[in-house]
Amino acid sequence: MVGEIRDRETVAVAIQAALTGHLVLATDHTNTAVGALPCLVDMGAESYLVASTVRAALAQRLVRRLCPDCSAPAPLDMALAHAIGMPCSEPVQVRRPVGCAICGGTGFKGRVAISEFMKLSQPVRDRLLGGDDEYSLAKVSAEDGTYTLRGASDLRQLQA
């Protein structure tokens, strides 16, 4: 297990361990799961080594959870939904923070993790070997079914 990959030497050790058959779990600070691939290449790893050793990547965020005791229903502003890339064809009810004694007046109590998981498919590997940028890799990965952070935070799913 590698605490965090930050430099060329750590990348080299992690890749060497993976090439010799070891399961390597590591962290890397990127905004998305697919962002880990070009990040490793930028730190000095050859793209063919990244393509042959990385099997999957996971990105996660912690988001505040609405207080279950005081949150109130509210209609979603359709303009806001479109602005953040979540177009809705029909009005959607969401919940909004209110604040009570239980949550200390904040309207939030606790956190929940949302995550994005990318399993490296052959098309993603091919694009990585071709030197494609993160945007292209993300597009191909999405076509292959990567579950994104945006999908994890979909308003319709968070209502449940």
Step by step, would you call Thr32 with Glu134 a side chain to side chain contact (heavy atoms under 4.5 Å, CB included)?
CA-CA 9 Å; Thr32 62; Glu134 183 176 345; 3.0 Å; yes
Are Leu129 and Leu49 connected in the hydrophobic side-chain network, where two residues link if heavy atoms are under 4.5 Å apart?
yes
Step-by-step side-chain hydrogen bond (donor to acceptor under 3.5 Å, both in side chains) determination, Thr10 to Asp7:
CA-CA 6 Å; Thr10 309; Asp7 54 42; 2.7 Å; yes
Report the residues that fulfil salt bridge (charged side-chain N to carboxylate O under 4.0 Å, His left out) with Arg6, sequence neighbours left out, ordered by chain and then residue number.
Glu4
Donor-acceptor check, side chain of Arg127 to backbone of Ala138, threshold 3.5 angstrom: yes or no?
no
With the side chain counted from C-beta on, respond yes when Gln93 and Pro75 share a heavy-atom pair under 4.5 Å apart, and no when they do not.
yes
Quick one: do Thr106 and Arg64 satisfy side chain to side chain contact (heavy atoms under 4.5 Å, CB included)? Show the steps, please.
CA-CA 10 Å; Thr106 64; Arg64 297 183 298 178; 5.9 Å; no
In this structure, would Val112 and Phe108 fall into the same cluster of hydrophobic residues linked by side-chain contacts under 4.5 Å?
no
Check salt bridge (charged side-chain N to carboxylate O under 4.0 Å, His left out) between Arg125 and all other residues, then give those that pass, not counting sequence neighbours.
none
Under 3.5 Å, is there a donor on one side chain and an acceptor on the other for Ser141 and Asp144?
no
Cut-off 3.5 Å, no hydrogens considered: what does the side-chain donor-acceptor table look like for residues 14-25, sequence neighbours left out?
| from | atom 1 | to | atom 2 | distance (Å) |
| --- | --- | --- | --- | --- |
| Thr20 | OG1 | Gln16 | O | 3.3 |
| Thr20 | OG1 | Ala17 | O | 2.9 |
| Thr20 | OG1 | His22 | ND1 | 3.0 |
| His22 | ND1 | Ala17 | O | 3.3 |

Hphob cluster co-occupancy, Val34 + Ile5, side-chain heavy atoms under 4.5 angstrom:
yes
Do Val54 and Met43 share a hydrophobic cluster, counting only Ile, Leu, Val, Met, Phe, Trp and Tyr and linking them when any side-chain heavy atoms are less than 4.5 Å apart?
yes
Is Leu58 linked to Val2 within one hydrophobic cluster, defined over Ile, Leu, Val, Met, Phe, Trp and Tyr using a side-chain heavy-atom separation of less than 4.5 Å?
no
